[in-house]
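Here's the structure we're looking at; comments come further down.
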Amino acid sequence: MNKLMIGLGMFLGSTLGSYIPVLWGGSVFSFTSILFGVIGGLVGIWLGYKISKYFDFT
């Protein structure tokens with residue numbers, strides 16, 4: 001379950017991070033969108049890890 005939570009966090013974080021520039025009129029395929037996708041993915045991995053440790057998934 002640990003890998004599932006980390007993968008889910010990465011997917012959701014990168015998806016939401018990539019969509020942020022669209023909110024101010026940017027493109028989904030811009031450099032800013034890719035950068036925010038990477039940052040969102042890293043935050044999602046970290047958050048997925050913390051959640052899996054909190055609920056003690058093995």
Side-chain angles (χ1 to χ4, degrees):
M1 190 64 135
N2 193 12
K3 290 180 184 180
L4 177 66
M5 291 301 292
I6 291 172
L8 186 63
M10 180 185 65
F11 175 74
L12 290 176
S14 61
T15 302
L16 293 176
S18 296
Y19 190 72
I20 288 175
V22 174
L23 297 176
W24 65 68
S27 172
V28 176
F29 300 110
S30 65
F31 177 74
T32 310
S33 178
I34 294 170
L35 180 67
F36 281 5
V38 170
I39 293 170
L42 292 174
V43 170
I45 289 171
W46 175 77
L47 194 60
Y49 176 77
K50 289 293 183 180
I51 289 172
S52 69
K53 289 297 177 185
Y54 178 75
F55 289 115
D56 197 30
F57 292 135
T58 55

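Note that these values count all heavy atoms, side chains included, but never hydrogens, waters or copies made by symmetry.
When hydrophobic clusters are built by joining Ile, Leu, Val, Met, Phe, Trp and Tyr residues whose side-chain heavy atoms come closer than 4.5 Å, directly or via intermediates, Leu47 is grouped together with Phe55. Tracing side-chain contacts under 4.5 Å through hydrophobic residues (I, L, V, M, F, W, Y), one reaches Tyr49 starting from Ile45; they form part of the same cluster.
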Which donor-acceptor pairs under 3.5 Å do the side chains of residues 6-24 make with protein atoms, sequence neighbours left out?
{"from": "Ser14", "atom 1": "OG", "to": "Met10", "atom 2": "O", "distance (Å)": "2.9"}
{"from": "Ser14", "atom 1": "OG", "to": "Phe11", "atom 2": "O", "distance (Å)": "3.2"}
{"from": "Thr15", "atom 1": "OG1", "to": "Phe11", "atom 2": "O", "distance (Å)": "2.7"}
{"from": "Ser18", "atom 1": "OG", "to": "Ser14", "atom 2": "O", "distance (Å)": "2.9"}

